[in-house]
There are 2 protein chains.
Amino acid sequence: MKKRPVTSQQVAELAGVSQSAVSRCFSPKASIAPKTKAKVLAAAKQLGYRPNAIARSLITRSSRTIAVVMSQLDNPFYAQMLEYASRRFQQHGYHLLLFMSSDEQETTSVMSDILQSQADGILMLAATLSSSLAKECVARGIPVVMINRTVAFEGVSQVASDNYHGGYWVGCHLVESGCERIAFLAGLADSSTSSQRRQGFLDALAEHGAACWAEAIGDYDFATAQAATRALFSRDVYPDAVFAANDHMAIAVIDTLKAELGLQVPQDVAVVGFDNIPVAAWPSYQLTTVQQPIEAMVDEATALLLGQIASGQVTGERKVLPVTPIVRASAVSGT
Amino acid sequence: MKKRPVTSQQVAELAGVSQSAVSRCFSPKASIAPKTKAKVLAAAKQLGYRPNAIARSLITRSSRTIAVVMSQLDNPFYAQMLEYASRRFQQHGYHLLLFMSSDEQETTSVMSDILQSQADGILMLAATLSSSLAKECVARGIPVVMINRTVAFEGVSQVASDNYHGGYWVGCHLVESGCERIAFLAGLADSSTSSQRRQGFLDALAEHGAACWAEAIGDYDFATAQAATRALFSRDVYPDAVFAANDHMAIAVIDTLKAELGLQVPQDVAVVGFDNIPVAAWPSYQLTTVQQPIEAMVDEATALLLGQIASGQVTGERKVLPVTPIVRASAVSGT
DNA sequence: CTGTTAGCGCATTCAG
DNA sequence: CTGAATGCGCTAACAG
């Protein structure tokens, strides 16, 4: 049977002090005589007392909880973010309440749960947020930070890596490597990350007097990217380079090229990805890619959320963090 | 500035009913006249009212929250589990509070946070739990379920896949495929999963009158597994098969064999893993492995936790779920 | 079916 | 510095 937890009242009785004295012992900033504190702590230890965070939240109006919304944990990139974010917030005495939500409809119901949960802030990783929901959060004064997402609403903050310049670098790198028939494999159609990378890439090509040779859509999904690869390489003349909007798809491209089409990377086709997930460094792939500053992004998001929580102001800032090109064997200069 | 949320009291005033009437409208099982309910819901919508879950938890003594403790999210196997568990609990109106904890010392401090959080249950994924902490949870009547972990304490429940028979199958499969110099690559030294897989494997070999040709330790880590592979293959006569205690290491073995040692899989060396992570199916690897029933394991853990929460009894059950051999190209019969 | 009442466990006034 | 009193927002008896 579930026992009733020990309360501060019981500790107070055992220690021969008032309940408020006990409370003060567990509040960092309250003033309490060392002697009474010792008595109280002794009694607390004896009874196995732990302050009830729920009761505390009710009165302080702060749950010390951040709601994080994710759509996919199978992408290691987001898994890494989540792990790091959790550790980061833990350091500041906050904990993450996890919500999975794939489609926008689900997000609506999830958002309702979040609002009820009294989370002090919301961290959106890879999920879409309708502007009406965003508006509701802002109206309630709950700070929202989105990572690598765009939403057409003022109140929410955004942290992103410099997708445009990442794409731009890829374009330059491939042209300068001598590639002439460069294809782009997009992620999700409505994803801002994919379209920003694409735009930078196209602009780079244009500045070099080149153009994108072919495009396909891979939905950030392995199987879809494989199908797209087959389509891109079904003609007699096929691309001599593929820029995939993320590493996961780039891996799919390489695998399909090698296993099904008998093509060599980078001898026959150069391949570049985006993210620099751990797999990209594996010997089988040696994927040239653009590294996103995961930790810096999370640090920024953490600072934004905690800052807004502390000040009680929701501001809606935008931060763009620099990316780092990583040249590996899948697309080297002078190929 | 953070606005004070609207309370049931305010809704009651607007609707011209008592505060408890409002409360009943948001409790599924309470009886309320359809007419008053309509009035209340109208007022609630007008004010944008959401019940405060914190206040509810305080009085119901149930946070509808499960604490999950993880040590690594970079292993896709655990990431998948977390995602599925989150969705599963969400369906039942529970949410996950995420705690990251690598070493045992950290677990102690994390456990303190969990106890304060008033979580209704604890789900341990890939983390060690000292028996003193386990005892404290049980003493408080908080159900604990560990997945794929062993702890020397009565009160906690455990869900595991049948590691022994998985290892046993691998042993049989390799011997029957004609392999004669079979090596084992262990995970973490103190991990029960690794040692159970190993034991089943060794028993299978013994029953076929064979023995393990060599052993090494890969710590469930890519780089360590690579180093171990180099060591295993440094002699003139090298293994003709490697059983790695998980897929992640098996991938490292294959990559090292192909990229560094110029060996073919499975022609020169057969490789088998464990888990059946998504990568195992990729064309470059085609890894023969043993699939763990992730969803069934999580379903079982969910049922165990929710059942114990509902009954108020912590029982400490053990469940072992069957595994499924997956034969792919990296180790086929008759090689 | 509805309103009234009494707390849940704790932080925070306010006197002393 | 300490204790007594108050109430956070809500659910759960209890009468009506």
Side-chain angles (χ1 to χ4, degrees), chain A residues 2-41 43-44 47-65 93 115-120 140-141, chain B residues 2-41 43-44 47-65 93 115-120 140-141:
Chain A
K2 185 163 182 180
K3 293 146 175 71
R4 277 188 107 145
V6 185
T7 71
S8 59
Q9 184 60 53
Q10 298 170 29
V11 176
E13 281 163 19
L14 180 64
V17 299
S18 73
Q19 178 270 324
S20 31
V22 177
S23 171
R24 280 189 266 259
C25 290
F26 292 89
S27 300
K29 60 188 185 305
S31 59
I32 185 92
K35 207 172 146 186
T36 35
K37 181 160 187 176
K39 271 197 304 185
V40 170
L41 290 183
L47 296 176
Y49 169 73
R50 310 266 185 187
N52 182 328
I54 298 274
R56 174 179 294 176
S57 299
L58 185 58
I59 192 155
T60 60
R61 293 161 194 312
S62 146
S63 60
R64 298 194 79 77
T65 273
L115 262 9
Q116 295 189 24
S117 79
Q118 310 299 112
D120 295 337
R140 288 165 192 267
Chain B
K2 187 164 182 181
K3 295 148 174 71
R4 280 188 107 152
V6 292
T7 69
S8 58
Q9 184 60 53
Q10 297 169 29
V11 176
E13 281 163 18
L14 181 63
V17 297
S18 76
Q19 179 271 326
S20 38
V22 176
S23 171
R24 280 190 268 260
C25 290
F26 293 90
S27 298
K29 59 188 186 304
S31 59
I32 185 93
K35 207 173 147 186
T36 32
K37 181 161 186 174
K39 272 197 302 186
V40 169
L41 290 183
L47 296 177
Y49 169 73
R50 309 268 186 186
N52 182 328
I54 298 275
R56 174 180 296 176
S57 298
L58 185 58
I59 190 154
T60 60
R61 295 180 156 55
S62 144
S63 60
R64 298 196 79 78
T65 271
L115 262 10
Q116 295 189 25
S117 78
Q118 310 298 112
D120 295 338
R140 288 165 191 265

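Nothing here was measured: the structure is a model prediction, and the numbers come from that model.
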Please confirm whether the shortest side-chain N or O distance from [X] to OP1 or OP2 of [N] is below 4.0 Å.
X       : N      : value
B/Ser18 : C/dG3  : yes
B/Arg56 : D/dC10 : no
B/Ser8  : D/dC10 : yes

*When you match B/Ile59 and B/Ser20 each to their closest nucleotide on DNA chain C, which lands nearer the 5' end?*
B/Ser20
So what does [X] touch, heavy atoms closer than 4.0 Å: a base, only the sugar-phosphate, or nothing?
X       : answer
A/Ile54 : nothing
A/Ser57 : nothing
A/Val22 : nothing
B/Tyr49 : sugar-phosphate
B/Ser23 : base

Nucleotide of [options] approaching [X] most closely (side-chain heavy atoms):
X       : options              : result
B/Gln19 : C/dT2, D/dG3, D/dC10 : D/dC10
A/Arg24 : C/dG3, D/dG3, C/dT12 : D/dG3
B/Ala21 : C/dC10, C/dC1, C/dG3 : C/dG3
A/Leu58 : C/dG9, D/dG7, D/dC1  : C/dG9

*asked:* For A/Ser18 and A/Ser20, which I'm curious about, is there any donor-acceptor pair between the side chains at under 3.5 Å?
replied: yes
*Which distance, rounded to the nearest 0.5 Å, do you find between the CG of A/Asn52 and the CZ of A/Phe26?*
12.5 Å
_Please report the distance, rounded to the nearest Å, between CD in A/Gln9 and P in C/dG9._
10 Å
*Provide, to the nearest angstrom, the distance between the CZ atom belonging to B/Phe26 and the P atom belonging to C/dT2.*
15 Å
_Between D/dT2 and A/Thr36, counting only base atoms on the nucleotide and side-chain atoms on the residue, is there a donor-acceptor pair under 3.5 Å?_
no
*Below 3.5 Å, does any donor atom in the side chain of B/Arg50 face an acceptor in the base of D/dG9, or the other way round?*
no
_Donor-acceptor contact present, side-chain A/Ser8 to main-chain A/Ser23, <3.5 Å_ = no
